[in-house]
Structure formats: C-alpha cells, structure tokens
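Residue numbers start from 1 in every chain, and the chains themselves are labelled A, B, ... in the order their sequence lines are given, proteins ahead of strands. The basis for the numbers below is simple: all heavy atoms, side chains too, and nothing from hydrogens, waters or symmetry mates.
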Protein chains: 2
Amino acid sequence: MIDVARRAGVGLGTVSRVVNGGHGVRDETAQRVRKAIDELGFQRNEVARALRPGKKSSSLALVLGDLTNPFFASIAKASLEVAGQSGFAVVLGSVDEDPEGEKRAIQELVSRQVAGLMIVPDQGDHSFLAGAGVPVVFVDRPATGLDADIVMVDNEGGGRLAAAHLLAQGHRRIAILLAPSYYTTGRRLRGYRRAHREVDATVDESLVIQLPEGNAEAAEKATREVMLRADPPTAIFASTNFLTEGVLRALRELGREPAVVGFDDFRLADMLPTPVTVVASDIAELGRSAARLLLDRASGADRRPPQRIVLPCALIQRGSGERTPDSAGNRKRR
Amino acid sequence: MIDVARRAGVGLGTVSRVVNGGHGVRDETAQRVRKAIDELGFQRNEVARALRPGKKSSSLALVLGDLTNPFFASIAKASLEVAGQSGFAVVLGSVDEDPEGEKRAIQELVSRQVAGLMIVPDQGDHSFLAGAGVPVVFVDRPATGLDADIVMVDNEGGGRLAAAHLLAQGHRRIAILLAPSYYTTGRRLRGYRRAHREVDATVDESLVIQLPEGNAEAAEKATREVMLRADPPTAIFASTNFLTEGVLRALRELGREPAVVGFDDFRLADMLPTPVTVVASDIAELGRSAARLLLDRASGADRRPPQRIVLPCALIQRGSGERTPDSAGNRKRR
DNA sequence: CTGTTAGCGCTTTCAG
DNA sequence: CTGAAAGCGCTAACAG
C-alpha cells in the first residue's frame, strides 16, 4: 500500500481512505490513487487489516461433522452463500470424531480471529466459549453451557407428524430408530410419543430403539432384529436420513414391507422401488438463517437476547409411509 | 501476550519462544510462562502471526462449486481432514454460478493470505494467479493459463471402461450424455470413442449428446428425446453423477430399460429398482492428494515441477449396465 | 538463556 | 481534504 502511495504521490492514509470507500477524498486525488492501484495490481492485505484492535477478520467459522452427509453439506452451502454475499469467507474447522476434537477445532478457529462461529455441536460442554468474545450461533441443536442463538427445525413437531401419519394409517406397532444422544433424537421421540397420546395409543417400549451409532449399518442391523421378532412392528420411523437408508437396506434383504417414514429428505428418495415418505424441512434455510443471524451479531446490528429460530417440518408422502398394517407382514414375492 | 510476559515476569520474546515450542528456554522459566498462559487463558493470535513478511497464514483455501454435489462434498471433507491433521484450517470461497464469481472468490482468498489454494476450476482463465506467489493445486480438472499441480481421475480410461463394457455386452448404439464444456467431458468422450475403435464399432454421432446444462433436468430431457427417436440407443452412458440421475428419471417415466452406466458412484445406486452400474474412482483420495500436495508446496518441502496425479477408475457392475441390447427396447410392464 | 527492539501492512487519530 | 505518526499482536534479530 505504501508503494501505491508513493506512486500516486500521496500519503498512506489517503490510499487507505480510497480503498475503504473513498469518503473525504477529493475526486481527483482518488482517481490518481485508483490508477496507481490498478497499475500495481495492489490488493489489500486482509490479515493486516484484521489486526486492528477490536476489528475481527471478515471470516465466519463453520464447525460441523461429516460434510459427506448431505444434511451438513446443505447447511455449509447455504451459509457459504449468505456469507459470501456480505464479503465474508467461511472457514471450516476440521472436526474429527473424538469429543475433544471439536473443542480443539473451535479454539483454533477463535485464534484465527473469526468474526463469528456457526456450530453444529456434538455432545459436550461449550461453556468455554462464553468468554471468547465471539458471537456464536448453534445450528440444528443447542449446546450446553452457553446461552447463544440457535437455529433448528421443529424436531418434536416433525416426530409427531411422522408418527401421527402412521397412526392415522391404522398402525399401532411403530418402531422408532434413534441415533445416539443427539439432542434432536430426544425431541423427535417426544413428538412420536405425543402423537400416540393424541390418539390414545400406547407405545410399546420395545419398539423404541436406541442405536449405538448413528450410521446406516447400525440401523440396518437393528431393523433386521426387530423385524425378525415374533411380534414385528408394522411401521418404522427412521429419525435420520442415514438411518432411513439402513432401514431400507435391511427391509430389502428381508423382503418385508412395513410402512416407512424417514426424517429429513434425501436425494433419490422418490426413485427407490417404493418411493420413501419423509418428514422434511428446509435445511438450506437452516444454514441461511444461521449465517444471517451471525452476520448481524458480528456487525453489532443485532443486540437482542439470544434468539431461537425454529423451522417447520412438512410431510412428503411418496408411498412407503402409506402402506397399511395388514400389508406390512407380507413377504414380498421374489 | 504482553500480559502473559508481565505476569510471568519475563520478556516478550521468551513468551513467544515458549508458545512456539519452547526451545532455548530454561525449563523453570517455561513453567512459569505456561502457568501465566493458563491463568490468563491466553491464546495466540494467528492473525498477527501471519502478518510477518513471507509468512503465510496456516489456512488453505478450497474453491469449488456446489457443495451439495456429493462429489464436491467428498473432496471438501477429505482435504479438510488432511489439512486439519497438519494444523491447517480450510477456507471455503463462495463460488457463485457466474464466471467472474470464481475469480473474485479466489482473489478474496488470496488477499486473506492463505498458504495455498485448491481449486476445482470452472472454465475461464487462471493466469491471473501466476504472480500471486501462492501455490495452487487444481483438482479434478486442469485450468488454462497456469501451469500448476493437478490431481484428477483417469477420465479417458473411465470413459473407455464404461463404453467397452457396454460394447462387450453387444451394444452398438450407445448414447453418451455430456455436461457442457467441462474438461472432463472431453476426456470421457475420448475414452468412449477409443473403446469403439478398439472393437471396430462406429460411433453414431447423433448419440453424442452435448447437454446445455450439467444438471439432472437437462439429462432427463435429453434422455426422453433420444429414447423417443425412431432409432433409440440400446444403452446410455451418463458422464456425471447428476446426469445419471436424470437419465434414470426419464427412463422410469418412459418405462424403458436400456443399459445404463454412470460416471462416479453415488449413494443409493445399489438400492434403485435396477441397481446402477458405474465407473467409479476414489473421490476422497482426490481431496486427500490435493491437500497433501498443497501442504508440501506451501511448506517448501516440494520443489519439483508441477505434478500431475491421475487416479484410476474402476467399473462397479450392479445390473443396469449388464442389460443386453435385445432387452433394451422392451416396454416395461406396469 | 533471556530481554529489547524493530517492523509486518493497515487503520486511525491528530495536526496541518 | 491530506500527510504524518502511533500502534494492533506477534516474531526474529540482536544484544546482553
């Protein structure tokens, strides 16, 4: 920048002013500066810029699990778009599986002076962020130990929607598969129970299945087991996109066709032999809202107490969720 | 950091040395410093650190298109992992659709002093990066105007593999769907032609279909059109995961079943009514290699001339690609 | 071994 | 309106 100043025959401060909008600089001078900038191919050093006290860099951090999960990928994409529109870059923290990994990643990001953090939290305490002086928005699930903004979907409503739909079909033995210890899991189960209460149906607790892991394999195994019982369910509610996949795999192998409803839509759901009914929400909006909120917090424009944004869920009927109880036990002809 | 120094009753330099590994500091002193660091909850400011001349920040940039495409998501995830292991963060540049968007995003990233760039380039010239003084690794396709490292899959080999497989099945009318103007497109087509030459089959040029867009909808439309011709193909080679999806949608709607081979594997490919045969490569390895190479370049450990890493493709037979020509025209019974 | 000092590139008073 | 000067937090070179 000093080169630009010399070349334009002006002071350093003037160049800075021009670069930052050019207010309070005579037009003629500004022209000269801009010319010099072009000639030298000058680009402002964002790093030095963020060194100023108080000033944070123009980057947001996004901390999430597996980008390979379309759910997370959608969030990333959407927040990236919103951030980009405001000239913010998004730094992705690498998050390993281990519980400490997330904390390490977050601290790394904080030390990079990001202007704000979007976190899809794993279990674990996040109170260490309280004194960091960085705005935080949690996505998809709240975290313990920190009262921050949170953007999520209506998990309980979605769970209720799925179960109610199956109950309305006449199902009374509805298995629910739950990924371990996610916050969302509890809420979806709650909705499932509520739907049962609303029609005076009792929940067979042996059909509430807590999986040891949140992947398709665990769901596949559990589905196999529950379907081979003497009293199998006539319907299955898979509380996660990956779980749904596992359920479908097991059912295909077994040649059974209970009703199936999944939570979260997924690519090709409509192309499977029996198109899959799901409870879906606007995941991209999750990411967009989070980024918008964070941007407002970072700029100081938003000083309200921590917000809680809840996005609605909707049922998408495609076929698998509309099977009736009597058809469920039938062994598919091959 | 100055606070830490005061609290520990040592000089600023000493604290810096401790923070950076503590070589050349008496153990006792180091202890005191570390204690002060803990008490003050001190965290090094990475931004100030990267201000040093020559020193780049400990972040890599990743520039790619749509994270919602599992192909890109895999690359992102894998490179993120590798970078994270070396203490590097990954900054994602938001890439809009427009051609200028990519350039803007890249320059933004460069101005953030990233230590290196991984770019999945869109069309357009990248020579402007030549003088940036930042190592660049292109991923999946090379860019024009810049001789940099490139990591990609064996597109031509893959295209050949797909076509050869179909030809071996007796197919002689194989449509190939190509996304517009991607580098990869040309190579895959080349492989397709080679496979034909190898068995002395001639290519019906009306079956080489250049799509106006690279999405599923365009593929769906094109498939519908080509299948409704008087002389439809008996097999279709979809040169991209999204295109494959479009092809399948069209075929389901038409109730036709030509052989289908896709390029790039995708989730649930094995769960569709007819499991889909694909030519696949290790996408994650693409991301990993890119990150590793870039890290080596950034650290100066690798001073070789630009490398060209090509990953192999393999055929995964699942059923759709093993249909024979005579079954192709049959209208599926509903 | 350890304290001091000079910047890195930029923004921001503070004078002129 | 514009130039000069003081740092931001840190590292590296240089004396002790």
Rounding to an integer number of Å, can you tell me how far [X] [atom1] sits from [N] [atom2]?
| X | N | atom1 | atom2 | result |
| --- | --- | --- | --- | --- |
| Arg49(A) | dG7(D) | CZ | C1' | 17 Å |
| Arg112(B) | dC10(C) | CZ | P | 14 Å |
| Leu51(B) | dT11(C) | CG | P | 12 Å |
| Ile2(A) | dG7(C) | CD1 | P | 12 Å |
| Asp3(B) | dC10(D) | CG | C1' | 13 Å |
| Asn20(A) | dG9(C) | CG | C1' | 13 Å |
| Glu46(A) | dC8(D) | CD | C1' | 16 Å |
| Arg44(A) | dG9(C) | CZ | C1' | 12 Å |

Okay, side chain of [X], backbone of [Y]: is any donor-acceptor separation there less than 3.5 Å?
| X | Y | result |
| --- | --- | --- |
| Gln43(A) | Gly41(A) | no |
| Arg288(A) | Ser79(A) | no |
| Arg32(B) | Ala8(B) | yes |

Checklist entry - Out of dG3(D), dT11(C), dG3(C), which nucleotide sits closest to the side chain of Arg17(A)? => result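 It is dG3(D).
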Item to check | Minimum-distance nucleotide (side-chain atoms of Ser16(A) versus dT12(C), dT11(D), dT2(D)) | outcome: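 Comparing dT12(C), dT11(D), dT2(D) against the side chain of Ser16(A), the answer is dT12(C).
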Checklist entry - Toward the 5' end of DNA chain D, which comes first, Asp27(A) or Leu12(B), by nearest nucleotide? => result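 This one resolves to Asp27(A).
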Item to check | Side-chain donor-acceptor pair present, Asn155(B), Arg141(B), cut-off under 3.5 Å | outcome: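 No - no donor-acceptor pair under 3.5 Å links their side chains.
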Checklist entry - Are Ser58(A) and Arg112(B) linked by a side-chain donor-acceptor pair shorter than 3.5 Å? => result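 Yes - a donor-acceptor pair under 3.5 Å links their side chains.
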Next on the checklist: Under 4.0 Å, heavy atoms only, any strand: does Val10(A) hit a base, just the sugar-phosphate, or nothing?
Outcome noted: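 Touches sugar-phosphate only.
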Checklist entry - Has Arg26(B) got a side-chain N or O lying under 4.0 Å from the OP1 or OP2 atom of dC1(C)? => result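 Result: no.
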Item to check | 5'-most by nearest nucleotide on DNA chain C - Ala48(B) or His23(B) | outcome: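 The 5'-side residue here is His23(B).
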